[in-house]
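Some notes on the structure that comes next.
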Amino acid sequence: MARPVEQVKRASNQLHAAENKPGDISDAALVEMYRQMVMVRQFDRRCVALQRAGRMGTYPPCEGQEACQVGVANALRPQDFLFPTYRDSGAVMLHGVPMERLMLYWNGRPEGAVIPDDVNVFPMAVPIATQLPHAMGAAWAAKLRGVDQVALGLFGDGASSEGDFHVAMNFAGVFHVPAVFFCQNNQYAISVPLSRQTASETIAQKAQAYGFEGVRVDGCDVIAVYRAVKAAVEKAAQGGGPTLIEALTYRYGAHTTSDDPTKYRTAEETDTWRKRDPIPRLQEQLRAWGLWDDEQENACLTEADALVSSAIAAMEAAPTPPPEKMFDHIYKEPTAKLQRQRDELLAMLERRKQAELEQGAAARTEGGKQ
Amino acid sequence: MSRLTLVQAVQDALREAMRKDERIILLGEDIGKNGGVFRATDGLFEEFGEHRVIDTPLAESGIIGASVGLAVNGLRPIPEIQFMGFIYPAFEQMISHVARIRMRSQGRYSVPMVVRVPFGGRIRAPELHSESTETFFAHTPGLTVVAPSSPYDAKGLLLAATESEDPVVFLEPMRIYRAFREEVPEGWYTVPLGKAAVVKEGADVTVIAWGTMLRETLDVVSRVEAAQGVSIEVIDLRTLSPWDEDTVFESVVKTGRAVVVHEAVGQLGLGAEIAARISEECILQLEAPVARVSSFDVPTPLFAVEDLHAPTPERITAGIEKVLTF
């Protein structure tokens, strides 16, 4: 039975009270998840700042959702296949995509879209919910091929309104595939609140209609998220079929760097969710369990800052790729037409370069006369 | 060698491909025990079993969306869409993902799949069972769009499509699924993608067609040749995108005249692109503007009048005469 937000929060706080250190997660893993949340937040804030400074394109921030990003990524095994959305840079980098590549992507650079060969991450989906049938299909392939692999699709509350959500859940249930569908219910689809997406009490309960388990977790509690995803992954890997997980969370920032959330959300509401911030929350617990102190906190912040700064430096130093690369990877082999169009672009660029040289020479001559 | 209809040739190709490549699975609606609404997969469920010939829930975006996941994770899906008019729920998956995953991932991922789609009209079917909207897919970079016009080509092109590393939209002309038989070799052979066929040589005008229209055009052509004493070259485009410009241009340079015949509506139909490209590349050899004979620019009507919507022999004749007498 699904529970309302407040109940989930209370239950979760009780569970992780100082005296209740989790026995199923190692100290090192708890500390690592904390470090990762700090790093994801640094990455996120710096991307927003870079966008404001004109050094990055439109960016969809995930601040506030770090427990989801980190909990999901840690519960996946390397062979598991992640199908993210645009707001999942955190999970994407933690599943193996280098940070500077993500930054290049958000800076409009095609080479930023390249996922390393040994990393099982799909390109971030932009059209809403369309990644969910992909996750279902990848999980299906794993099952048909007899491979020990689970596919996890991330999506938001808004995506639960799309046809592809229904289609993916339905196919996953019918074919009993090793898939996990993880909904980051951050309460808003850009400006439209959850009450306009569904009249269901919860998103998790929709799983019942598809014939598999739906779970609701506190998405501000990385331990709860990690446990729920880990259990779902293990169940899937053992042939137990799909799981829908709904994590209650909130994005502190805008949908993307191009909207103003104060137009559609009250300060009071935002403050309420700020109090559930997953980062101070885990920090408090780590301190209570004797796993964290000021020195470690300072070192952690410095380390995250250094990592992000070096990724930014790498992104900004990366040479601009030749523009004719846009003709690559349309078909396996370039068509004759694309080769012609590529030559046309190169010839135009050459003429442009010549014109600029001539203008420069003319300007110098003009300058000489005066 | 045996004499097969076009739909039998499709089935033969599917069987051949599945025997050769274990990664190939078929998925779609009613393709299992029922053998497909056109029986294109008849017998395959029995031979290859329920894990390779899969009846899915009734959802085209699920069939294509799942095929994306299947294809990037090591399988070679051949999804069947029951009729072209039913592919639109999967349109987003086709355009936003199938066509551009290779580009979006800069080559890391590709989705080798053959999307089989019966297309064209005039089979006396209900509404939306008679569409020729190949332009939507031919307009989209990243997709290969193929339309055979004969049993021999159907098998050879389909086998070639299963070998392609790029996604192929395979349009099957359902009006001629069972219209005639042709010698079709047993075993594996391919007809290359991206290559048009000069099916009849001629000197005075080039007529370009594909799918259902090809044979109807050939009938008209032989009558016009007999009546007018002219010689007409006929090209079966076969691959609609990326299409074989070289073969078309070479022919038009020789004949100086061109007519495109298609069952799709005229506005922004593939004929518009072909006519534009001929104008760009062959203007000095052209003796007349390129003519297009297409369906009228109205949605495919109910079947009592659909024959008059599509190009009729009279309109194809008029198109050829128009360029001959310009």
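Both backbone and side-chain heavy atoms feed into the values below; hydrogens, waters and symmetry mates do not. This structure is a prediction, so every number in the text was calculated from the model and none was measured. Labels below follow one simple rule: chain letters A, B, ... track the order of the sequence lines, proteins then strands, and each chain is numbered from 1.
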| remark: Taken to the nearest 0.5 Å, the spacing of D117(A) CG from R108(B) CZ works out to 5.5 Å
| Counting only heavy atoms not in E344(A), do more than 12 fall under 6.0 Å of its CD? | no
| query | Looking at Q93(B), M103(B), H51(B), which one has more heavy-atom pairs under 4.5 Å with chain A than the rest? | reply | Q93(B)
| query | What are the two closest non-hydrogen atoms of N73(B) and A142(A), and how far apart are they? | reply | ND2-N, 4.1 Å
| remark: Minimal heavy-atom distance between T56(B) and W140(A), with the atoms involved, is CG2-CH2, 4.4 Å
| message | Less than 4.5 Å apart, side chain to side chain, heavy atoms only: is that true for K332(A) and P112(B)? | response | no
| note | Minimal heavy-atom distance between A66(B) and M136(A), with the atoms involved, is CB-SD, 3.8 Å
| note | Between Q106(B) and P110(A), the two heavy atoms sitting closest are CG-O, 3.3 Å
| task | Answer with side chain, backbone, both or neither: which region of L144(A) has an atom nearer than 4.5 Å to a non-hydrogen atom of chain B? | result | side chain
| field | Proximal component of M169(A), with respect to chain B [non-hydrogen, under 4.5 Å] | value | neither
| query | Which atoms form the tightest heavy-atom contact between G69(B) and A141(A), and what is the distance? | reply | O-CB, 4.4 Å
| Side chain / backbone / both / neither for V114(A) at chain B, heavy atoms under 4.5 Å | both
| query | So which part of S96(B) gets closer than 4.5 Å to some heavy atom of chain A, the side chain, the backbone, both or neither? | reply | side chain
| Does CD belonging to E16(B) count more than 12 external heavy atoms closer than 6.0 Å? | yes
| Measuring from Y331(A):OH to S241(B):OG, what's the distance to the nearest 0.5 Å? | 4.0 Å
| message | Quick check on E22(B) against chain A: is it the side chain, the backbone, both or neither that has a heavy atom closer than 4.5 Å? | response | neither
| query | Should we say atom CD of E127(B) is surrounded by more than 12 heavy atoms from elsewhere, each under 6.0 Å from it? | reply | no
| said: Rounded at 0.5 Å granularity, tell me how far NE2 in H329(A) sits from OG in S105(B). | reply: 8.0 Å
| K337(A) with E273(B): basic N within carboxylate O range, under 4.0 Å | yes
| field | Residue selection (most heavy-atom pairs with chain B, distance under 4.5 Å) from Q149(A), E111(A), K143(A), Q131(A) | value | Q149(A)
| query | Got a sec: does the CZ of R196(A) have more than 12 other heavy atoms crowding it under 6.0 Å? | reply | no
| note | Cut-off 4.5 Å, heavy atoms of chain A, and the answer for I63(B) is both
| note | Okay, T144(B) and chain A: the region with an atom under 4.5 Å from a heavy atom over there is both
| query | How are the rings of Y109(B) and F122(A) set to each other: parallel, tilted or perpendicular (split at 30° and 60°)? | reply | tilted
| request: Calculate, to the nearest 0.5 Å, the distance between atoms OG1 and CD1 belonging to T130(A) and I64(B) respectively. | output: 14.0 Å
| Which heavy atom in A113(A) sits nearest to a heavy atom in R104(B), and how many Å separate them? | CB-O, 3.0 Å
| query | Are more than 12 heavy atoms from other residues, nucleotides or ligands located less than 6.0 Å from atom CD of Q285(B)? | reply | yes
